[in-house]
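Remarks on the structure that follows.
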Amino acid sequence: MTDIGMYQRLLEHLTTAVVLLDGSLHVIWMNPSAEALLGISRARVEQSRIDCLEGDDGVISAMLAKALEEQHPYTQREACLVLASGESITVDYTATPLSEQELLLEFEARDRLMRISREEALIARQEMVKVLTRGLAHEVKNPLGGIRGAAQLLEREMDDENLSEFTRIIVGEADRLRDLVDRMLGPNKLLAHTPVNAHAVLERVRMLLTAETSNVTFIRDYDPSLPDIIGDESQLIQAVLNVARNAVQALEENDISSPTLTLKTRARRQFTLGAERHRLVCEIAIIDNGPGIPESLRESLFYPMISGRAEGSGLGLSISQSILHQHQGLIECDSLPGHTEFRLLVPLDIADKGHQLNGGHA
Ligand SMILES: Nc1ncnc2c1ncn2[C@@H]1O[C@H](COP(=O)(O)OP(=O)(O)OP(=O)(O)O)[C@@H](O)[C@H]1O
Ligand SMILES: [Mg+2]
């Protein structure tokens, strides 16, 4: 087969929608995925403009023209395209000028797959929220000791049993607030720094959850070649447990038929986390066939105090994320109804890179 024939076949079979435009934004070529996504046939639009790229306000076509003029690639996330059928879809697209007369467009549909990923901007936002909450938690904690002590002193001075009922409420509520703040602050000790077997962590979590549920089937899909993580075993158990317990809760609360939780491990080579490329990364995936993450939590899933459950405190995922950060790793999530996948990613080459684990908040 000639090279051209091979490239053509490759493009035609890509699941990514690809469109090639000329200098006046007329279609030169598009692959079948683009035809399917945009709901148009190549034969009909060749040599003409695609209506849905004009949009109501012409912003997309203006950006495309600008990318061509400046010969600079351009990416827009969550652009809304109104198709010829009247349906609107949300896409991420990248426009790459190949020459002054050729602009390559790649589209990724965003509607069905909700991805909360390892993008740098998102990580930076989570870090900022974490710093803010920690600061606030410290400020709340300081006066609590004083309030509690004063209430106890008052109680000792008072003979009236009816009044000491109130001081006991003050002490009880101060304790409740202190526990909440302690959970928000996370572990107040340095992380251990020992070899941890990811499968031992997962088996421990599976045992704990099996005791809490009788309906859910656990599937194990472990990569036996996975090297040990260097880190803190009890913290990693906590991180995995928070994620897996959410999955079990989602399965049980929604009455899913044959609820299944898959625990999977893989070694990933040459993997980028944030801005850093790692030689080897441990991936622990926790996959459930529940209803999926509510759309309203999409932006804020890993923030503290964000919960979709009436009795949830919304701290589980933010604690897990912060434990993973302390191991130079992170958690990402893809969610569709019927398939929610959280991936805990921990670099296995941090010793080579001379990184230290971060621990404690004091
Ligand atoms: N696997 C999942 N499927 C569906 N929704 C999920 C899943 N995991 C998390 N969620 C949603 O994300 C929310 C936040 O989870 P998080 O663990 O941070 O808090 P929580 O479970 O509400 O409270 P806590 O863990 O502190 O008791 C949950 O309330 C739930 O709505
Ligand atoms: Mg939770």
Side-chain angles (χ1 to χ4, degrees), residues 2-126 128 272 274-277 295-296 298-300 332 334-336:
T2 62
D3 276 357
I4 303 251
M6 185 179 78
Y7 293 142
Q8 174 117 13
R9 259 165 54 92
L10 272 177
L11 282 167
E12 301 229 322
H13 288 88
L14 276 185
T15 52
T16 309
V18 175
V19 178
L20 186 64
L21 303 178
D22 69 11
S24 11
L25 305 182
H26 292 155
V27 174
I28 301 175
W29 189 83
M30 65 204 296
N31 71 352
S33 294
E35 292 181 306
L37 179 72
L38 303 176
I40 42 183
S41 85
R42 176 158 91 211
R44 272 199 38 219
V45 290
E46 236 160 10
Q47 306 302 331
S48 55
R49 281 183 167 232
I50 310 178
D51 287 340
C52 64
L53 293 184
E54 305 297 328
D56 285 343
D57 45 12
V59 169
I60 297 179
S61 53
M63 290 314 299
L64 297 182
K66 192 160 172 244
L68 257 179
E69 188 189 314
E70 295 178 355
Q71 288 291 295
H72 213 284
Y74 167 77
T75 298
Q76 189 186 349
R77 299 210 182 276
E78 303 192 355
C80 181
L81 302 184
V82 183
L83 305 182
S85 62
E87 186 197 351
S88 43
I89 56 168
T90 310
V91 294
D92 290 350
Y93 71 88
T94 300
T96 312
L98 301 182
S99 72
E100 280 175 9
Q101 290 306 319
E102 286 167 314
L103 185 66
L104 177 69
L105 295 184
E106 295 162 77
F107 294 93
E108 192 184 340
R110 297 303 301 242
D111 291 305
R112 275 161 301 142
L113 178 67
M114 178 172 106
R115 169 161 283 170
I116 298 159
S117 72
R118 60 189 112 102
E119 282 164 33
E120 251 184 288
L122 198 69
I123 297 171
R125 248 191 354 248
Q126 287 174 12
M128 196 182 74
T272 305
E276 196 154 359
R277 193 165 179 81
E295 181 67 29
S296 56
R298 181 181 163 151
E299 291 291 323
S300 51
E332 60 180 16
D334 284 343
S335 180
L336 291 161

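- The main-chain N or O of Ala67 is never found under 3.5 Å from a side-chain atom of Glu70 such that the two would form a donor-acceptor pair.
- Atoms CZ and CG, on Arg49 and Leu25 in that order, are 4.5 Å from each other to the nearest 0.5 Å.
- Residues satisfying the side-chain contact (heavy atoms from CB on, under 4.5 Å) test with Gln47, not counting sequence neighbours, are none.
- Taking the side-chain contact (heavy atoms from CB on, under 4.5 Å) definition, one finds that Glu102 meets it with Leu20, Ile28, Leu98, Ser99, sequence neighbours left out.
- Among all heavy-atom pairs drawn from Phe107 and Val91, the shortest one is CD2-CG2, 4.0 Å.
- Between Leu64 and Leu105, some side-chain heavy-atom pair lies under the 4.5 Å cut-off.
- For the side chain to side chain contact (heavy atoms under 4.5 Å, CB included) with Met30, the lone residue among Val19, Leu21, Val18 that qualifies is Val19.
- Side-chain contact check for Leu81 versus Tyr93: every heavy-atom pair is 4.5 Å or farther apart.
- Rounding to the nearest 0.5 angstrom, the gap separating the SG atom in Cys80 from the CD1 atom in Ile60 is 8.0 Å.
- Interatomic distance, CD of Glu12 versus CG of Leu10, reported as 10.0 Å (0.5 Å rounding).
- When every heavy atom of Val45 is checked against every heavy atom of Ile40, the shortest pair comes out as CG1-CD1, 4.0 Å.
- To the nearest 0.5 Å, atoms CD (Gln71) and NZ (Lys66) are separated by 13.5 Å.
- Taking each heavy atom of Leu38 and Leu83 in turn, the nearest pair found is O-CD2, 3.7 Å.
- A 6.0 Å sphere centred on CD of Glu100 holds no more than 12 heavy atoms belonging to other residues, nucleotides or ligands.
- Pairs of residues two or more places apart, or lying in two chains, never qualify as side-chain hydrogen bond (donor to acceptor under 3.5 Å, both in side chains) while including a residue from residues 26-41.
- Remark: Asp92 CG to Thr75 OG1 distance equals 8.5 Å, nearest 0.5 Å.
- The CE atom of Met6 lies 10.5 Å from the CG atom of Leu11; values are rounded to the nearest 0.5 Å.
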